[in-house]
Protein chains: 2
Amino acid sequence: MARAVPETHHEILAAAGRRFAVTGYKGTSLQDIAREVGCSKATVLYHFANKEALLSELMAPAIAMLEALDARIAGRTGADAQRVAAEGFVDLAVRFRREIALLRGEFPDLLQQPAFAHIQQISERLVAALAGHSDRPAARIAALVVLAGIAETCGEFLDIPDQELRPALLAVAHRALEPTT
Amino acid sequence: MARAVPETHHEILAAAGRRFAVTGYKGTSLQDIAREVGCSKATVLYHFANKEALLSELMAPAIAMLEALDARIAGRTGADAQRVAAEGFVDLAVRFRREIALLRGEFPDLLQQPAFAHIQQISERLVAALAGHSDRPAARIAALVVLAGIAETCGEFLDIPDQELRPALLAVAHRALEPTT
DNA sequence: AGCATGCCTGACCGATCGGTCAGTACCTGA
DNA sequence: TCAGGTACTGACCGATCGGTCAGGCATGCT
């Protein structure tokens, strides 16, 4: 054990993920996390600059995948954009359903914070793509319902295996989204 | 500035609705509400036993309509239940989109509280009805996506008139829900 | 006039929050 | 042996939360 002890860092991250998933971000105190790890609150803040940094590191992989999807959508139009966006977002939701779940409706507040500001813009582009870049209100409404519906519910299906959940969500998305004219 | 009339009660209710809609229930303090009304926090708590009572009174009409829908669903099966549930829920979402919006993802926590415990059961029956009482996982998944999607997004469309929003949401719901076999 | 009642308030409470800080124990390389 | 870095902690901080309480101030009834 020459290079000692970044182990606590990872333990804190895991505990935070568990607690956030149960009580949400705002509903979980640093004390809660420390208790779960079995260390002091000061230790949590030794490893992470602040509570937001903890969330940030926890969400980093999901955000990276979202940014990759955003890049893949860019330049596409109409039905092509819609298809890529739907498949990409369902993949993301299935893969990171635990991480997404732990934000449970705290998106609006969190997106206000500068650290997550660009997520807001990405999700707007995602909605536009899901709507097939149509400007009909009905297309945008359908896109938003699909996006929010999947984001809010995917965390409920932690017991369903990926290969079963993915096609089911994708089928719902394809049915719900308006066909591009 | 002594207020002549007991209209303060209603003013507080309105202010709370406005603040909750912007910053959510947990994210809004009694101080915030008092500031918006132009009275003291103690006055808010003079008119309402506690913060939860404020929310409760604010949500009462929406809850009453939800209970009425629940009663209407009871006894129906299959496609009939699905149709009534979809239409009824869309009506409810459109009519009370402001009230629903202000809970923004705080449903999970709030439903834990005893005052709202039965809402949890109603929403489960609603999901079952939207799934056409099918026990196929895909049907249940579609039902949950529709329910959550509409609930989470209807608050985004405060500027769209009812007669335009209602058919659009209903169309999405009908497309997204699995046809009962 | 005296009194009760309804409306409202400032001051205050205990609890909890995220975050800071000085200090301690331990390991490692010189 | 000892200096210095890493990991960690208890004590503490200011802010804010929901909620309590005694009392002030009109108003209207007797």
Side-chain angles (χ1 to χ4, degrees), chain A residues 1-20 22-59 102-106 109-110 112-116, chain B residues 1-20 22-59 102-106 109-110 112-116:
Chain A
M1 284 225 202
R3 205 73 173 118
V5 201
E7 170 180 326
T8 308
H9 186 96
H10 185 263
E11 273 179 29
I12 291 171
L13 212 51
R18 261 174 277 133
R19 295 302 309 162
F20 286 164
V22 175
T23 48
Y25 175 71
K26 278 197 299 189
T28 301
S29 68
L30 296 176
Q31 200 71 257
D32 291 334
I33 297 167
R35 196 181 304 119
E36 174 122 352
V37 174
C39 68
S40 71
K41 187 181 67 169
T43 299
V44 174
L45 287 162
Y46 169 77
H47 286 277
F48 298 89
N50 49 44
K51 196 183 177 187
E52 187 185 317
L54 195 47
L55 177 66
S56 208
E57 189 163 327
L58 209 52
M59 299 297 291
L102 64 79
L103 293 183
R104 279 200 311 185
E106 291 170 12
D109 293 332
L110 290 172
Q112 303 289 49
Q113 293 181 311
F116 298 98
Chain B
M1 199 192 288
R3 301 189 170 270
V5 226
E7 75 188 20
T8 309
H9 186 96
H10 184 264
E11 273 180 29
I12 291 171
L13 213 52
R18 260 174 277 133
R19 295 302 308 160
F20 286 165
V22 175
T23 47
Y25 176 71
K26 278 198 300 189
T28 301
S29 68
L30 296 176
Q31 199 71 256
D32 291 333
I33 298 168
R35 196 180 304 120
E36 176 121 353
V37 176
C39 68
S40 72
K41 187 181 65 169
T43 298
V44 174
L45 287 161
Y46 169 77
H47 285 277
F48 298 89
N50 48 44
K51 195 184 178 187
E52 188 185 316
L54 195 47
L55 178 65
S56 208
E57 189 163 326
L58 210 50
M59 300 297 290
L102 62 83
L103 293 183
R104 281 198 312 185
E106 291 169 13
D109 292 332
L110 291 173
Q112 305 288 50
Q113 294 182 311
F116 298 98

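Throughout, protein chains are lettered first and strands after them, A, B, ... in sequence-line order, and every chain is numbered starting at 1. Worth knowing before you read on, the calculation uses all heavy atoms, side chains too, and leaves out hydrogens, waters and symmetry mates.
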Subject >> Interatomic spacing from OG1 in B/Thr43 to CG in B/Leu30 - rounded to 0.5 Å >> reply: 11.5 Å
Subject >> Distance, rounded to the nearest Å, where B/His10 contributes NE2 and C/dC7 contributes P >> reply: 16 Å
Original post:
Does OP1 or OP2 of D/dC8 have a side-chain N or O of A/Tyr46 closer than 4.0 Å?
Top reply: no
**OP:** Check every strand shown and say whether A/Thr43 touches a base, only sugar-phosphate, or nothing at a heavy-atom separation below 4.0 Å.
**Re:** base
**OP:** Quick one: list whatever passes salt bridge (Lys or Arg N to Asp or Glu O under 4.0 Å) with B/Lys51, sequence neighbours left out.
**Re:** none
**OP:** Measure from the side chain of B/Lys41, starting at C-beta and using heavy atoms only, and say which of D/dG18, D/dT9, C/dT9 lies closest.
**Re:** D/dG18
**OP:** Please evaluate the base of C/dG19 for a donor-acceptor partner in the side chain of A/Lys51 within a cut-off of under 3.5 Å?
**Re:** no
**OP:** Ignoring backbone atoms, establish whether A/Thr8 has a side-chain N or O less than 4.0 Å from OP1 or OP2 of D/dA7.
**Re:** no
Subject >> Protein-nucleotide distance (A/Asn50, atom CG; C/dC17, atom P), rounded to Å >> reply: 17 Å
**OP:** Check the distance between D/dA11's C1' and A/Gln31's CD and give it to me in whole angstrom.
**Re:** 13 Å
**OP:** Locate the shortest heavy-atom distance separating A/Glu36 from A/Ala15; write the atom from each residue and the value.
**Re:** CG-CB, 3.6 Å
**OP:** Mind calculating the distance between CG (A/Leu54) and C1' (C/dC17) to the nearest angstrom?
**Re:** 15 Å
**OP:** Could you pick out which residue, A/Asp32 or A/Ala49, lies toward the 5' side of DNA chain C when each is mapped onto its nearest nucleotide?
**Re:** A/Asp32
Original post:
Roughly, in whole Å, what's the span from CZ in A/Phe48 to P in D/dA7?
Top reply: 12 Å
**OP:** Indicate, with a heavy-atom threshold strictly under 4.0 Å, whether A/Leu30 touches base, sugar-phosphate, or nothing.
**Re:** sugar-phosphate
Subject >> A/Ser29 side-chain proximity, nearest of C/dC8, C/dG18, D/dC8 >> reply: C/dG18
Subject >> Phosphate OP1/OP2 of C/dC8 contacted by B/His47 side-chain N/O (<4.0 Å) >> reply: yes
Subject >> d(NZ, A/Lys26; P, C/dT16) in whole Å >> reply: 19 Å
Original post:
In whole angstrom, what separates B/Ile33's CD1 from C/dT9's P?
Top reply: 15 Å
**OP:** Would you kindly give the NE2-to-C1' distance between A/His9 and D/dT6, to the nearest whole Å?
**Re:** 15 Å
Original post:
Can you check whether B/Leu54 reaches B/Ile12 side chain to side chain, under 4.5 Å on heavy atoms?
Top reply: yes
Original post:
Would you say the side chain of A/Thr23 lies within less than 4.5 Å of the side chain of A/Arg19, judging by non-hydrogen atoms?
Top reply: yes
